[in-house]
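What you are looking at is a predicted structure, and each value in this text was computed from that prediction instead of being measured. Position 1 is the first residue of the sequence, and the numbers go up from there.
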Amino acid sequence: IDWDRYDLNYLPPYDGRTIDAIRVVFPREKYKEAVKLAEPIRNKGYRVFFQAANTLGYTDENLIDMVHAINSVHPESLSVVDTFGAMYEEDMTRIVSIVDHNLNKGIKLGLHSHNNLQQSFALSMAFVKMFMGSDREIMVDGSLAGMGRGAGNATTELLAGYLNRFCHKDYNLNVIMDTIEMARDRLGPDFTSEDIPLDEPGVYRMISEGETDGVFQLESSGMRQFLTSMKPSNFEDIIAAISLYRPGPMESIPRYVAGK
């Protein structure tokens, strides 16, 4: 969840059967506010993970301050995030070294990369190598076939193959590849994102009624209120809503709704 875009009142207590962890994403200047979410999430029975969005934008001093704030609530992990896919290996190594040096040893250290520069897999391998022989537990995020927003993420099947060969892991590549094939078979061999209809009336009706649980960037209480007054009827309305719902442009929301 984004640190300020999800109302925790909507989060049900952990039921012992489904999702057992919540990952909180926060921007550079909001880590002090983000760590305050750890206790209420834990009180509902979930494990807590943190992601420092756009870690490349931190100064060394900011990094250390952020890590100290994370240490104070002792989550399961803290992930370095290459939000814009702009990291090179030397950037990742510098940032991860600082975080590792200051992060409590009982907290896992993760890497969440984006593939804008086609560096995700290379960065992931370099990250793993940094901790070979270390007692630090680490996490590396990936997605099947590298699917993700924008340029996508590190590719799960490549990561699994690398970890099996060089880190003595035993990930079942047949299961991973079968899962990809099942998804492709269901969608069809020629399916692309352009095949997703953007004019489904039922979807816009649900959004206009505030039924946006689990919908990225549309699920906070403030955004729901905005959407119910705005009554979006097309994809351009959704783009406008996301663009307006942030400090500064929010002042124009009443005028936009009135004009619509």
Hphob cluster co-occupancy, [X] + [Y], side-chain heavy atoms under 4.5 angstrom:
X	Y	result
Leu56	Leu109	yes
Phe131	Ile107	yes
Met223	Trp3	no
Val96	Met125	yes
Met147	Leu158	no

Interatomic spacing from [atom1] in [X] to [atom2] in [Y] - rounded to 0.5 Å:
X	Y	atom1	atom2	value
Met130	Ser97	CE	OG	3.5 Å
Ile207	Ile238	CD1	CD1	4.0 Å
Leu163	Thr156	CG	OG1	10.5 Å
Tyr10	Glu219	OH	CD	10.5 Å
Leu78	Phe49	CG	CZ	11.5 Å
Tyr14	Arg42	OH	CZ	16.0 Å

Which heavy-atom pair separates [X] from [Y] by the least distance, and what is that distance?
X	Y	value
Phe235	Tyr204	N-OH, 3.0 Å
Thr212	Arg224	OG1-CG, 3.6 Å
Lys44	Leu8	NZ-O, 2.7 Å
Thr55	Met87	CB-CE, 4.4 Å
Ser120	Asn153	OG-C, 4.0 Å
Ser221	Asp7	CB-OD2, 3.7 Å

Check this for me: [X], atom [atom1], are more than 12 non-hydrogen atoms of other residues, nucleotides or ligands nearer than 6.0 Å?
X	atom1	answer
Met132	CE	yes
Phe121	CZ	yes
Glu236	CD	yes
Arg246	CZ	yes
Glu251	CD	no

Counting distance only, does the side-chain N/O of [X] pair as donor-acceptor with the main-chain N or O of [Y] below 3.5 Å?
X	Y	result
Asp91	Tyr88	yes
Glu157	Ala145	yes
Asn164	His168	no

Can you find a heavy atom in the side chain of [X] that is under 4.5 Å from one in the side chain of [Y]?
X	Y	answer
Val257	Phe226	yes
Lys105	Asp100	yes
Ile242	Leu218	yes
Asn234	Asp199	no
Asn116	Phe84	no
Ser124	Ser113	yes
Val73	Phe50	yes
Thr179	Ile176	no

Donor-acceptor contacts, no H, no angles, side chain residues 23-40, under 3.5 Å, sequence neighbours left out:
unit_1	atom_1	unit_2	atom_2	d
Arg23	NH1	Gln51	OE1	2.4
Arg23	NH1	Asp141	OD2	2.5
Arg23	NH2	Asp141	OD1	3.4

Quiz item: According to the interplanar angle, ranging from 0 to 90°, do the rings of Tyr162 and Phe166 count as parallel (below 30°), tilted (30 to 60°) or perpendicular (above 60°)?
Solution: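 Correct class here is tilted.
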Exercise. Let me see the working for Ile138 and Leu111 under side chain to side chain contact (heavy atoms under 4.5 Å, CB included), right down to the final yes or no.
Key: CA-CA 8 Å; Ile138 62 171; Leu111 177 68; over 6 Å; no
Quiz prompt | CA sep, side-chain torsions, deciding dist, call: Tyr46, Leu11, side chain to side chain contact (heavy atoms under 4.5 Å, CB included) | solution = CA-CA 10 Å; Tyr46 298 90; Leu11 182 66; 3.8 Å; yes
Quiz item: Under the side chain to side chain contact (heavy atoms under 4.5 Å, CB included) criterion, do Ser220 and Asp4 qualify, and how do the steps go?
Solution: CA-CA 7 Å; Ser220 71; Asp4 66 336; over 6 Å; no
Practice problem: Step by step, work out the side chain to side chain contact (heavy atoms under 4.5 Å, CB included) result for Phe127 and Val80. | Solution: CA-CA 11 Å; Phe127 177 76; Val80 168; over 6 Å; no
Quiz item: What pairs of residues pass the salt bridge (charged side-chain N to carboxylate O under 4.0 Å, His left out) test when at least one of them lies in residues 54-83, not counting sequence neighbours?
Solution: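 Those involving residues 54-83 are Arg47-Glu76, Asp60-Arg94, Glu76-Lys108.
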